[in-house]
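Heads up, the thing below is written out as structure tokens.
In the text below, chain A, chain B and the rest are named by the order of the sequence lines, each starting its count at 1.
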Protein chains: 2
Amino acid sequence: MSQKSMKGMQLAEAKSQFIANWGRFGSNWGINRTMAQIHALLLVSPDALSADEVMEELQISRGNANMNLRELIDWGLVQKVIVAGERKEFFTAEKDIWKVARQIVKERKKRELDLMIPVLKELSDVEGDKKDRAVKTFTDTIQNIRKFSEQADKTLDTMIKADEHWFWSSLMKLFGAKH
Amino acid sequence: MSQKSMKGMQLAEAKSQFIANWGRFGSNWGINRTMAQIHALLLVSPDALSADEVMEELQISRGNANMNLRELIDWGLVQKVIVAGERKEFFTAEKDIWKVARQIVKERKKRELDLMIPVLKELSDVEGDKKDRAVKTFTDTIQNIRKFSEQADKTLDTMIKADEHWFWSSLMKLFGAKH
DNA sequence: CTGAACTTTCAAAAATATTTGAAAGTTTGT
DNA sequence: ACAAACTTTCAAATATTTTTGAAAGTTCAG
């Protein structure tokens with residue numbers, strides 16, 4: 001790789017760095033590396049890309065491209081675009097990161113928190129003597145997690161509906177006021 | 001007593017359900033299943049457990065238990081406990097979920113956001129004609145992600161330092177007022 | 001110092017997840 | 001209806017992650 005310079009790098013290099021990094025971090029987020037890379041590629045592409053262009057750019061197979069594009073659509077992060085006069089499908093990603101983050105929060109809440117809350121409710125009323133330390137620790141911990149989850153549930157719902165400017169400026173006012 | 005009742009399940013079953021679920025969800029969070037299961041086990045154990053007890057309860061090998069306990073300590077979620085008169089080490093987990101969540105946010109921020117921000121900074125000043133749509137889309141998207149990340153960085157720092165009651169009640173006041 | 005008790009390491013095995021590519025399926029223009 | 005253009009499927013191959021367990025390392029009481 002090139003040495004660090006005062007000037008920025010060329011677009012092609014910057015793009016592949018971005019794709020590599022987005023892919024690396026994506027895998028900590030329950031999203032697989034290729035999916036995150038396709039997402040990154042579409043995020044920085046001015047125009048919608050075809051499956052072939054994605055395959056070519058990322059050097060992946062047709063099946064892989066198809067499957068991950070489908071999953072990105074499923075997550076609401078990518079849309080199909082119909083181009084007049086073209087037979088094949090094109091794909092484009094929402095570029096406003098606030099909307100992307102909101103969408104991810106929305107989907108993860110649906111896939112995780114909304115499934116966990118009923119389980120916690122079920123586990124809340126375990127049988128047994130409340131004087132038994134094992135029972136007490138169990139019920140206290142579950143109750144604590146449950147309260148936390150319900151609080152988080154409400155907060156995330158608010159965020160999902162929020163406008164970016166209102167959200168950040170409210171938080172900043174609030175948190176700034178504290179010190 | 002009664003086999004089928006409206007009442008909750010027995011402790012042993014509830015415990016294993018909780019461990020299984022915490023493990024299942026943990027894997028969406030950059031934490032592996034066994035690590036999350038050990039964490040769950042310690043969360044509901046009134047006393048600190050030895051490595052042997054963890055191995056026995058979760059039916060895992062010594063190496064696996066050792067490695068995942070070490071990683072949990074690394075994440076700041078589990079501590080070693082010295083028990084007077086005992087030679088072996090015992091392990092215990094913080095049970096206050098607010099503290100657990102704060103610790104997870106702190107670590108993930110350190111491992112992800114704090115690494116991503118400098119990369120975005122580097123990618124911000126790509127060379128090239130700003131009239132070129134490819135260049136413009138790239139720089140705009142990176143800039144957008146960067147702004148978002150810096151905003152999130154500040155907000156998470158506030159949360160990491162916050163007291164639970166203050167945090168939730170502030171958010172509720174704020175968000176409740178909006179409707 | 002010695003050996004029992006305990007912890008850590010790590011190469012090989014097992015389990016999981018991802019990717020490939022060719023065949024099957026679908027759509028559309030003529 | 002036909003066939004070219006395109007998309008989807010999925011079983012097999014690959015890659016990655018996790019787990020095992022025995023050996024090496026450490027600690028400590030006597």
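- Scanning all heavy atoms of the two residues, the minimum distance from B:I142 to B:L120 falls at CG2-O, 3.6 Å.
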Can you give me the N/O atom pairs linking the protein to nucleotides 7-9 of chain D at distances under 3.5 Å, or say none if there are none?
from	atom 1	to	atom 2	distance (Å)
D:dT7	OP1	A:E89	N	3.0
D:dT8	OP2	A:N66	ND2	2.2
D:dT9	OP2	A:R70	NH2	2.8

> Between A:D157 and A:K109, is a side chain to side chain contact (heavy atoms under 4.5 Å, CB included) present by the stated rule, with each step listed?
Replying inline: CA-CA 9 Å; A:D157 276 340; A:K109 178 175 177 300; 3.1 Å; yes
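- The list of salt bridge (Lys or Arg N to Asp or Glu O under 4.0 Å) pairs with a residue in residues 87-99 of chain A, not counting sequence neighbours, reads A:K80-A:E89.
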Quick one: side chains of residues 57-69 of chain B, donor-acceptor pairs under 3.5 Å with protein atoms, not counting sequence neighbours, listed by atom name and distance.
from	atom 1	to	atom 2	distance (Å)
B:Q59	NE2	B:E56	O	3.0
B:S61	OG	B:N64	N	3.2
B:R62	NH2	B:D52	OD1	2.9

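- Summarising the geometry, atom CG belonging to A:D47 is positioned 9.5 Å from atom CZ belonging to A:F90; distances are rounded to the nearest 0.5 Å.
- In summary, B:E150 and B:R146 engage in a salt bridge, as defined by a charged side-chain N under 4.0 Å from a carboxylate O.
- If you take CG of A:L69 and P of C:dT20, they are 13 Å apart, rounded to a whole angstrom.
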Can I get a per-line list of side-chain donor-acceptor pairs under 3.5 Å for residues 14-23 of chain B, giving both atom names and the distance, sequence neighbours left out?
from	atom 1	to	atom 2	distance (Å)
B:S16	OG	B:E13	O	3.3
B:N21	OD1	B:R24	NH2	3.1
B:N21	ND2	B:Q17	O	2.9
B:W22	NE1	B:H39	ND1	3.3

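- Remark: A:N32, A:T34 in residues 22-39 of chain A come within less than 4.0 Å of DNA chain C through at least one heavy atom.
- Here the P atom of nucleotide D:dT17 and the CD atom of B:E71 are 13 Å apart, to the nearest Å.
- As rounded to whole Å, 12 Å separates atom P of D:dC6 from atom CD of A:E53.
- The residue among A:E86 and B:N68 whose nearest nucleotide of DNA chain D lies closer to the 5′ end is A:E86.
- In this view, B:A162 and B:W98, B:W166, B:F167 satisfy the side-chain contact (heavy atoms from CB on, under 4.5 Å) rule, not counting sequence neighbours.
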